[in-house]
2 protein chains.
Amino acid sequence: MQDAALHGAQVPSREAILDAATALMARFGYAGTSISKISAASGSPASSIYWHFGSKDGIYLAVLRRARQHLVSSLPGTRPAGDTVGERLTAFLDGASAAFENHPHDLRLLLGLGMLEEGTGAAAIAELGQYRLALRQWATDSLGHVFGLADRPAVADELARFMLSVVGGTAIARWFDGPVTSLPVQQLRVALLALARHHRLPVDEGPP
Amino acid sequence: MQDAALHGAQVPSREAILDAATALMARFGYAGTSISKISAASGSPASSIYWHFGSKDGIYLAVLRRARQHLVSSLPGTRPAGDTVGERLTAFLDGASAAFENHPHDLRLLLGLGMLEEGTGAAAIAELGQYRLALRQWATDSLGHVFGLADRPAVADELARFMLSVVGGTAIARWFDGPVTSLPVQQLRVALLALARHHRLPVDEGPP
DNA sequence: GTCTATAACCAGATAGAC
DNA sequence: GTCTATCTGGTTATAGAC
């Protein structure tokens, strides 16, 4: 497979193709997105697409890579501000909610395209794994900082998994219900605090 | 579209076709499943498939219908047993976890095939909505009974949505990680109890 | 109800001029 | 880097014998 990076030139059409492919694949999935649709949506002929990406798998891989970069670089830092657990947790959840709102495409790509196994290249599958790992790492680090869990990584990991389950489930609900549905920040707050207490973590919050 | 029901005959091949189509669509999605693959997997020629279901949309609709029936009929009743909130909640979550383990196909169909909008028939989309509603109704009724929420339906609905978000997110994690991942029953228990307390519901459980 | 055969079309991918 | 033209194969769907 050829790649524009090897040729050194800056290619505006490359980005346009990626934009179109991202939107289509987030909507219709990998199998449901054809080269000709990408061609029509981006304005570039099919041969240009192949010149840039070599194959349909190549486009998919490039789309995933860019989506991961976009999403990860839009995440807030892993040290949410605040003097108390409650403040830091609020800051963390607000940041997560904002990222959730601003990157529906990228999330859908991660979630919806998990269905491939056969029929797609190993590189794309690996990229998907990286995508998911990056999110997990971010959540684990952030929650570790919120609750002061440097010495209890297992607990941080458990909280992150639970949190990401809710994120994933909410993303599903969103693609049925549309943008009305957003992250249930309040419930997540209550749930995460309860899980922290359940692990006997010091949580400086009582009933109001 | 024709339909075997109109012809009155019992058709064993119909079920075989549906079995094959269910497995394939749960794995590869709607667009990724072709008639010829269903034909090869079920042993019936393509023309038989069209005789039974009329179109690819027709197969999809029938697959969804049957998956919904299977899943819904496998759910435990909406009145989990127990004298205390804690006991009823445990019974409810154990039942949900069992259904989750036993019906990965049916859940995947619900979740993964949400990506269609265009390109698939309106009837199939409506069926998907029914599918999802049935699950929501079951969760709402069950949690209403667990916490005694006959007079506070909004709270029951909120708890059900939160619970189903976790279920959906876990289903996603499962199709990355495989059957190792199951419903986080313990965390769900802690979270749901905390949300109930947050709504000032009487919860007969303190720290042990 | 199931078979073989096939029509009509669209998919992924490539060739070669420019 | 982009264009037009094209090849090959798979796709949905149908026709008509049995």
Side-chain angles (χ1 to χ4, degrees), chain A residues 1-21 24-25 27-64 113 116 118-124, chain B residues 1-21 24-25 27-63 113 115-116 118-124:
Chain A
M1 143 184 165
Q2 292 184 317
D3 194 318
L6 300 174
H7 298 69
Q10 245 300 50
V11 187
S13 72
R14 197 188 140 100
E15 290 296 303
I17 293 168
L18 277 182
D19 288 341
L24 288 168
M25 288 182 169
R27 216 185 279 267
F28 304 112
Y30 175 80
T33 301
S34 64
I35 301 286
S36 50
K37 277 184 196 158
I38 298 174
S39 168
S42 68
S44 294
S47 55
S48 287
I49 298 177
Y50 280 99
W51 187 88
H52 279 294
F53 303 102
S55 70
K56 197 183 171 186
D57 267 6
I59 305 174
Y60 180 37
L61 185 57
V63 163
L64 283 180
L113 299 183
L116 22 92
E118 219 167 309
T120 36
Chain B
M1 139 183 167
Q2 294 184 316
D3 193 320
L6 299 174
H7 297 68
Q10 244 300 49
V11 188
S13 73
R14 200 189 137 98
E15 289 297 302
I17 293 168
L18 278 182
D19 287 342
L24 288 168
M25 287 181 170
R27 216 185 278 267
F28 304 112
Y30 176 81
T33 301
S34 64
I35 301 287
S36 51
K37 277 182 195 160
I38 298 175
S39 169
S42 69
S44 295
S47 57
S48 288
I49 299 177
Y50 280 99
W51 188 88
H52 280 293
F53 303 102
S55 69
K56 197 184 171 184
D57 266 7
I59 306 173
Y60 180 37
L61 185 57
V63 163
L113 299 183
M115 26 183 40
L116 21 95
E118 220 167 310
T120 36

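Every chain is numbered from 1 and lettered A, B, ... according to where its sequence line falls, protein lines coming before strand lines. Values reported hereafter were calculated over all heavy atoms of this structure, with side chains retained and with hydrogens, waters and symmetry mates removed.
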ask   = Measuring from B:Leu18:CG to B:Glu15:CD, what's the distance to the nearest 0.5 Å?
value = 5.5 Å
Nearest-0.5 Å distance that lies between atom OG in A:Ser34 and atom CD1 in A:Ile38 = 7.0 Å
Nearest to side-chain heavy atoms of A:Ser48, which nucleotide of D:dC3, C:dC3, C:dA13 = D:dC3
ask   = Choosing from C:dT4, C:dG12, D:dT2, which nucleotide comes nearest the side chain of B:Pro45?
value = C:dT4
May I ask you to evaluate whether [X] reaches the phosphate of [N], defined as a side-chain N or O under 4.0 Å from OP1 or OP2?
X       : N      : answer
A:Tyr50 : C:dT14 : no
B:Ser34 : D:dT11 : yes
A:Ser44 : D:dT2  : no

[atom1] of [X] versus [atom2] of [N]: gap in Å, rounded?
X       : N      : atom1 : atom2 : result
A:Asp57 : C:dA11 : CG    : C1'   : 14 Å
A:Tyr30 : C:dG12 : OH    : P     : 8 Å
B:Phe53 : D:dT14 : CZ    : P     : 16 Å
A:Leu24 : C:dA11 : CG    : C1'   : 15 Å
B:Ile49 : D:dT14 : CD1   : P     : 14 Å
A:Lys56 : C:dC10 : NZ    : P     : 16 Å
B:Lys37 : D:dT11 : NZ    : C1'   : 11 Å
B:Trp51 : D:dA17 : CH2   : C1'   : 17 Å

key: Whichever of A:Ser47 and A:Thr33 has its nearest DNA chain C nucleotide further upstream toward 5'   = A:Thr33
query = So, A:His52 versus A:Ser13: side-chain donor-acceptor pair below 3.5 Å or not?
reply = yes
ask   = Quick one: does NZ or CZ of B:Lys56 land under 6.0 Å from the six-membered ring centre of B:Tyr50, within 45 degrees of the ring axis?
value = no
inquiry  = Contact between A:Thr33 and A:Ile59 at the side-chain level, heavy atoms closer than 4.5 Å - yes or no?
reply    = no
